[in-house]
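To start, the structure under review is shown below, and the notes come after it.
Numbers for residues simply follow the sequence, beginning at 1.
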Amino acid sequence: MTAQSVIKDENVVWHQHTVTKEIRSDLKKQKPAVLWFTGLSGAGKSTIAGALESKLAELGYHTYLLDGDNVRHGLCKDLGFSDHDRQENIRRIGELSKLMVDAGLIVLSAFISPHRAERQMVRELLPEGEFLEVFVNTSLDECEKRDPKGLYKKARAGEIKHFTGIDSEYQQPVNPEIDLPAGTQSIEVLVEQCLEELKVRSII
């Protein structure tokens, strides 16, 4: 750490504003939280998160969906796919999710986020009960069969290096709040499973 960064840290102070997360949440009549969808490429993370968001909007809840590909067009467009850049990608999304929760939103974040340590890092940014790890539990074989972007084919051919599930490790969640058997159940059933969990936790 440089002297300049130390001086900056000492002079940057969090300002507590009058309108709080509780006020924003009460206005929206919901409990804010992050649903962190993790799983292999092609598992169905964005599809399920999108279907869930549509249902929540239909029910009158306030949400925002953060998608792995979309954020790399803006917030994280300067990052590559090295281990360091992947970690920074998740760190930024975690901090953004935290701000959105402070705004009183139900945040749906769909990212491969292959390492448990990175997902734990995001969990620790939030108060207890406001981070729900959602494991989109689709086997590697099923993901390769789907291969919607042709990425597995390229990875197997050596055209893409460090591809999660092929030559880069994916660490499955140990005890996720929601475990979705996405390889065997319909989108409708999986969305209903998520909704039930949100009701049990009084988020909606």
Checklist line | Co-membership, hydrophobic cluster, residues Met121 and Val174, 4.5 Å side-chain | finding: no

Note to self: Let's go through Glu58 and Lys55 carefully: what are the C-alpha distance in whole Å and the side-chain angles of both, what is the deciding distance for salt bridge (Lys or Arg N to Asp or Glu O under 4.0 Å) to 0.1 Å, and is it a yes or a no?
What the structure shows: CA-CA 5 Å; Glu58 181 184 317; Lys55 187 63 178 179; 3.3 Å; yes

Note to self: Taking the side chain as everything from C-beta on, heavy atoms only, tell me whether Val101 gets closer than 4.5 Å to Leu126.
What the structure shows: yes

Checklist line | Worked verdict on Ile112 versus Leu40 for side chain to side chain contact (heavy atoms under 4.5 Å, CB included) | finding: CA-CA 6 Å; Ile112 294 173; Leu40 293 167; 5.8 Å; no

Using distance only, find each side-chain donor-acceptor pair of residues 190-197 under 3.5 Å and give its atom names and separation, not counting sequence neighbours.
residue : atom : partner : partner atom : Å
Gln193  : NE2  : Asp179  : O            : 2.9
Glu197  : OE2  : Arg201  : NE           : 2.8
Glu197  : OE2  : Arg201  : NH2          : 3.3

Check: Is there a side chain to side chain contact (heavy atoms under 4.5 Å, CB included) between Leu132 and Leu198 once you walk through the steps?
Finding: CA-CA 9 Å; Leu132 280 68; Leu198 291 177; 4.2 Å; yes

Check: In terms of side-chain geometry, is the basic nitrogen of Glu88 or Arg91 positioned less than 4.0 Å from the acidic oxygen of its partner?
Finding: yes

Item checked: Heavy-atom side-chain proximity of Leu56 to Leu52 below 4.5 angstrom -> yes

Next item on the list: With sequence neighbours excluded, give me every side-chain hydrogen bond (donor to acceptor under 3.5 Å, both in side chains) pair touching residues 26-36.
Entry: Trp36-Ser113

Item checked: Worked check of side chain to side chain contact (heavy atoms under 4.5 Å, CB included) between Thr63 and Val107 -> CA-CA 6 Å; Thr63 64; Val107 184; over 6 Å; no

Next item on the list: Considering non-hydrogen atoms only, spot the tightest contact between Cys143 and Ser41 and give its length.
Entry: CB-O, 3.5 Å

Note to self: Tell me which pairs pass salt bridge (Lys or Arg N to Asp or Glu O under 4.0 Å) where either residue lies in residues 153-174, with sequence neighbours left out.
What the structure shows: Glu144-Arg156

Checklist line | Electrostatic pair Lys45:Asp67 at N-O distance under 4.0 angstrom | finding: no

Next item on the list: Using the ring-ring contact (aromatic ring centres under 6.0 Å, His included) rule, collect all pairs that involve residues 163-204, keeping only residues at least two apart or in two chains.
Entry: Tyr152-Phe163

Check: Say you draw a straight line from CD1 of Ile178 to CZ of Phe135; how long is it, rounded to the nearest 0.5 Å?
Finding: 13.5 Å

Next item on the list: Look at the side chain of Asp141 and the backbone N and O of Lys145, then say whether any donor-acceptor pair between them is shorter than 3.5 Å.
Entry: no

Notebook entry, point to check: Just wondering, do Thr38 and Phe111 contact through their side chains at under 4.5 Å, heavy atoms?
Noted result: no

Item checked: Closest non-hydrogen atom pair between Ala182 and Ile48, with its separation -> CB-CD1, 4.1 Å

Check: Looking at Leu35, Leu105, Leu66, which hits side-chain contact (heavy atoms from CB on, under 4.5 Å) with Ser97?
Finding: Leu66

Margin query: Can a donor-acceptor pair be found, under 3.5 Å and without considering hydrogens, that links the side chain of Arg116 to the backbone of Pro173?
Written below: no

Note to self: For a quick test of reading the model, state the closest non-hydrogen atom pair linking Pro32 to Ser25 and the distance between them.
What the structure shows: CD-OG, 3.1 Å

Check: Are side-chain heavy atoms of Ile203 and Ile106 found at a separation under 4.5 Å?
Finding: yes

Next item on the list: Could you grab the distance from atom CD1 of Ile187 to atom OG of Ser54, nearest 0.5 Å is fine?
Entry: 11.5 Å

Item checked: Distance-only donor-acceptor check, side chains His115 and Glu118, under 3.5 Å -> yes

Checklist line | Distance-minimising heavy-atom pair for Pro114 and Thr164 | finding: CB-CG2, 4.0 Å

Margin query: Under the rule for side chain to side chain donor-acceptor pair (under 3.5 Å), what residues qualify as partners of Glu142, not counting sequence neighbours?
Written below: Arg146

Margin query: Quick check: closest heavy atoms across Thr138 and Ala43, and the distance to 0.1 Å?
Written below: OG1-O, 2.9 Å

Checklist line | Sequence neighbours excluded, every pair satisfying side-chain hydrogen bond (donor to acceptor under 3.5 Å, both in side chains) that has a member inside residues 124-136 | finding: Lys21-Glu130, Arg119-Glu133, Gln120-Glu124

